[in-house]
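Report on one structure; see the data block that follows.
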Amino acid sequence: METPQPLPLVILANREPYIHVHTPCGIETRRPASGLVSALEPVMQQKGGYWIAQGCGSADVETADRHGMIAVPPHDPTYQLKRVWLSPSEKKAYYDGFSNEALWPLFHLAHQQPIFRSSDWETYRRVNELFSRSLPHESLKAPHIFLVQDFHLALVPSLLRQNTSLTDHHQIAMVWHIPWVPSEVFRICPWATEILEGMLGADLISFHTQAYCNNFLESCERLLESRVDYARHSVTLRGHETRVRAIPLGISPEPIERLSKTEIQRFLAQEFGISPAVLGLGVDRMDYTKGILERFAALERFFELEPESLGVFSFLQIASPSRTEVPAYQEFTEKVIREAKRINHRFEGQFPATTPPIQLIHRQCDWNELGRLYQAAQICVVSPLHDGMNLVAQEYLWARSADDGALILSRFAGASQSLPQAFLVNPYDTEDLAQSLRSAHRLALRPPTPEHQARMNLLREKVGQRTSLVWAQELLNELTAV
Ligand code: ADQ
């Protein structure tokens with residue numbers, strides 16, 4: 001019997017995998033710092049199809065054809081990127097406004113009050129409609145799988161289902177990359193029911209953890225006239241059943257495996273101006289949910305408790321600019337810069353210039369730099385206040401080929417569910433995080449013990465078992481089962 005050919009994929013996401021920008025040296029191609037792109041782009045490279053996303057680079061229009069299409073990756077194209085064009089006011093209301101000022105804080109329990117403007121919501125709805133009408137003609141003529149990504153496009157699944165050109169052979173999955181909060185929190189959104197109804201157009205909705213699935217099912221039960229089947233993990237609304245599954249996302253191991261090994265101390269000194277004996281590392285988008293300020297508070301406490309580590313240990317925080325048009329992000333960035341300066345100033349005179357307590361680098365790094373930093377850092381701190389998954393934790397573990405290093409990981413990141421052998425911390429508890437830093441610092445000063453190597457080995461094994469390709473296959477298998 002012939003095995004059925006997998007259906008071609010159509011990803012619908014706000015973020016594009018390749019951005020073209022004008023620079024003084026000509027047009028450059030850039031990769032955004034985004035967990036969604038890091039994980040899904042290798043899947044598309046392997047499987048082919050279409051990626052529909054907002055075109056946002058200054059040279060995006062001129063590098064695409066008149067339909068907004070461009071074949072990518074640039075040097076060895078395997079799939080088509082189709083760009084959707086938004087006006088500045090649409091981008092402001094749909095992306096900066098409803099997505100990042102309303103939905104992002106709503107779903108992250110990070111004590112940043114969501115801002116619900118009805119004008120933002122109207123535009124969000126219109127932009128979701130625009131995405132759902134942007135399907136390449138070929139994807140309507142033959143069966144395809146639509147993978148709708150994340151909270152920017154919550155209404156797209158039901159809008160696609162209303163498209164009369166779609167047949168029963170087209171399938172729709174919604175991939176939710178961020179947490180889902182309990183219904184008591186979710187229902188403060190004035191358009192909570194519209195969002196649920198929008199998502200329930202999908203055949204399958206995936207979250208990173210079972211807890212998020214449970215919260216979602218409970219939201220449907222409380223806020224909608226729907227039938228929730230807890231045994232089947234499904235919701236039926238107006239005769240259409242949607243399955244809800246925990247399918248945790250992983251990383252793509254290949255870019256890390258391809259990294260060149262270089263002389264680490266020279267690399268650190270040349271690229272980041274530091275040469276500590278022990279390096280701690282944080283890699284995040286500059287975002288208030290990532291716990292960067294809480295991490296700095298714990299570092300300050302650590303240096304109080306271990307003054308002899310001044311001049312030995314530096315913490316390098318790489319923070320890529322993110323959502324820079326949103327006031328809460330502008331204020332947060334200023335606070336982070338101020339805090340790093342204040343803490344360094346507090347311990348002034350106790351460390352050489354090449355080993356500051358905190359070195360803050362406010363820019364995006366390329367893969368080669370990032371991978372080498374993961375290899376260089378004896379300690380990595382991933383301390384989000386709440387995070388759907390967090391791929392940095394997995395990237396760090398995968399880069400530690402010698403089974404050494406230490407991962408300090410927030411209990412409130414989805415990643416902590418599968419990585420319980422990491423140093424798990426409550427990022428709100430400064431003392432807890434500072435004590436974990438002490439333990440990790442002590443470990444870094446000695447050769448790794450067999451127990452610690454076994455622990456790191458186990459963590460690495462878990463990351464290796466759940467790559468983004470394994471994740472994609474599991475998602476597609478679930479859809480087939482539907
Ligand atoms: P993010 O919040 O963007 O995504 P996260 O999982 O932290 O996701 O991944 C960030 C990605 O960007 C990583 O691949 C990292 O290497 C890269 N990155 C971060 N800072 C960088 C920098 N300064 N320079 C270069 N690259 C940088 C959302 C959810 C997460 C979920 C992902 C995937 O919020 O919880 O894990 O989607 O589902």
Side-chain angles (χ1 to χ4, degrees), residues 11 13-15 17 19 30-43 99-100 103-110 147 149-152 174-180 206-209 211-212 246-256 259 271-272 281-292 316-324 329 333 336 359-374 377 380-399 409-410 412-419 463 466-468 471-472 475:
I11 285 189
N14 172 66
R15 182 62 69 214
I19 304 175
R30 295 199 180 145
R31 290 282 303 271
S34 144
L36 187 156
V37 171
S38 310
L40 294 193
E41 210 278 332
V43 173
S99 297
N100 291 331
L103 294 182
W104 181 263
L106 174 71
F107 282 110
H108 279 89
L109 301 176
L147 297 181
Q149 306 296 318
D150 226 358
F151 63 102
H152 311 91
M174 166 112 234
V175 182
W176 199 259
H177 291 263
I178 63 175
W180 193 278
S206 82
F207 292 95
H208 290 321
T209 74
Y212 304 153
I247 311 179
L249 185 56
I251 58 163
S252 165
E254 286 79 16
I256 295 177
L259 286 172
E271 300 299 323
F272 300 98
L281 178 69
V283 176
D284 308 82
R285 286 184 301 98
M286 184 65 100
D287 192 303
Y288 54 81
T289 63
K290 299 290 180 184
I292 300 172
L316 178 61
Q317 175 65 53
I318 309 284
S320 56
S322 189
R323 305 173 187 177
T324 49
Y329 283 74
T333 304
V336 168
Q359 181 80 329
L360 174 65
I361 305 288
H362 185 204
R363 69 167 166 90
Q364 189 175 338
C365 293
D366 67 29
W367 250 112
N368 232 340
E369 285 180 309
L370 213 55
R372 280 188 279 172
L373 286 176
Y374 289 143
C380 181
V381 183
V382 175
S383 58
L385 306 179
H386 204 191
D387 214 339
M389 170 57 72
N390 197 293
L391 298 181
V392 170
Q394 301 188 33
E395 290 167 358
Y396 173 70
L397 290 169
W398 198 243
L409 176 61
S410 165
F412 310 132
S416 68
Q417 305 274 307
S418 56
L419 304 173
V463 174
R466 278 216 65 88
T467 62
S468 59
W471 169 85
L475 188 89

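Read the numbers this way: they start at 1 and go in the same order the structure lists the ligands and their atoms. For the numbers below, each heavy atom of this structure counts, side chains included, while hydrogens, waters and symmetry mates do not.
Checking each of P32, S34, S322 against R285 for a side-chain contact (heavy atoms from CB on, under 4.5 Å) leaves exactly one that passes, namely S322. With W180 as the partner, the ring-ring contact (aromatic ring centres under 6.0 Å, His included) test is satisfied by one option alone out of F151, Y212, F107: F107.
For K290, every heavy-atom contact with ligand 1 shorter than 4.0 Å involves the side chain, none the backbone. Contacts of L249 with ligand 1, taken as heavy-atom pairs under 4.0 Å, involve the side chain alone. The part of D284 lying near ligand 1 is the backbone, judged by heavy-atom distances below 4.0 Å.
Near H208, meaning under 4.0 Å from one of its heavy atoms, ligand 1 places the atoms 38 (O). Close approach to R363 involves these atoms of ligand 1, each under 4.0 Å from a residue heavy atom: 23 (N). Numbered from 1 in the order shown, with element, the atoms of ligand 1 that lie under 4.0 Å from a heavy atom of M389 read 30 (C), 31 (C), 35 (O), 36 (O). Close approach of ligand 1 to L370 (heavy-atom distance below 4.0 Å) involves ligand atoms 16 (O), 25 (C), 26 (N). Close approach of ligand 1 to G388 (heavy-atom distance below 4.0 Å) involves ligand atoms 35 (O). If you number the atoms of ligand 1 from 1 as listed, the ones under 4.0 Å from a heavy atom of Q364 come out as 23 (N), 24 (N), 25 (C). Atoms of ligand 1 found under 4.0 Å from any heavy atom of S38, numbered from 1 in the order shown, are 11 (C), 13 (C), 14 (O). Listed by number with element, the atoms of ligand 1 under 4.0 angstrom from any heavy atom of W104 are 34 (O).
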**Request:** Apply side chain to side chain contact (heavy atoms under 4.5 Å, CB included) to L419 and L397, showing your working.
**Result:** CA-CA 10 Å; L419 304 173; L397 290 169; 3.9 Å; yes

**Request:** Could you check L373 against V283 for side chain to side chain contact (heavy atoms under 4.5 Å, CB included), going step by step and ending with a plain yes or no?
**Result:** CA-CA 9 Å; L373 286 176; V283 176; 5.6 Å; no

**Request:** Apply side chain to side chain contact (heavy atoms under 4.5 Å, CB included) to D150 and I178, showing your working.
**Result:** CA-CA 7 Å; D150 226 358; I178 63 175; 4.1 Å; yes

**Prompt:** Going through the distances and angles, do D366 and R31 end up as a side chain to side chain contact (heavy atoms under 4.5 Å, CB included)?
**Reply:** CA-CA 8 Å; D366 67 29; R31 290 282 303 271; over 6 Å; no

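Nearest heavy-atom pair, L36 versus Q149, reported as atom, atom and distance to 0.1 Å: CD1-CB, 3.7 Å.
By the 3.5 Å distance cut-off applied to N or O atoms, I318 is not counted among the residues near ligand 1. Ligand 1 has a nitrogen or oxygen under 3.5 angstrom from a nitrogen or oxygen of L391. Between I178 and ligand 1, no N or O atom pair is found at a separation short of 3.5 Å.
Closest protein heavy atom to atom 25 (C) of ligand 1: C365 O, 3.1 Å. Looking only at protein heavy atoms, the nearest one to atom 18 (N) of ligand 1 is A33 CB, 3.8 Å. When hydrogens are left out, the protein atom nearest atom 16 (O) of ligand 1 is E395 OE1, 2.7 Å; that is the closest non-hydrogen contact. Annotation: atom 22 (C) of ligand 1 to nearest protein heavy atom, S320 CB, 3.6 Å. Regarding atom 36 (O) of ligand 1, its nearest protein heavy-atom neighbour is N390 N, 2.8 Å. At the top of the distance list for atom 3 (O) of ligand 1, counting protein heavy atoms only, stands R285 NE, 3.0 Å. If you check which protein heavy atom lies closest to atom 38 (O) of ligand 1, you get H177 ND1, 2.6 Å. Atom 35 (O) of ligand 1 has its closest protein heavy atom at D387 OD1, 2.5 Å.
Side-chain contact between Y329 and D287: present, with at least one pair of heavy atoms (C-beta onward) separated by less than 4.5 Å. Within the 4.5 Å cutoff, side-chain heavy atoms of D284 are placed close to those of Q317.
Using a 4.0 Å cutoff on heavy atoms, F151 does not count as a contact of ligand 1. Contact analysis leaves A39 out of contact with ligand 1, as no non-hydrogen atom separation drops below 4.0 angstrom.
Although no hydrogens or angles enter the test, the distance criterion places a donor-acceptor pair under 3.5 Å between the side chain of Y396 and the main chain of A377.
Scored by the ring pair (Phe, Tyr, Trp, His ring centres under 6.0 Å) test, F412 finds no partners at all (sequence neighbours excluded). Take F272 and apply the ring pair (Phe, Tyr, Trp, His ring centres under 6.0 Å) test, not counting sequence neighbours, and it matches F267.
When the heavy atoms of P179, G35, A393, P248 are ranked by distance to atom 9 (O) of ligand 1, first place goes to G35.
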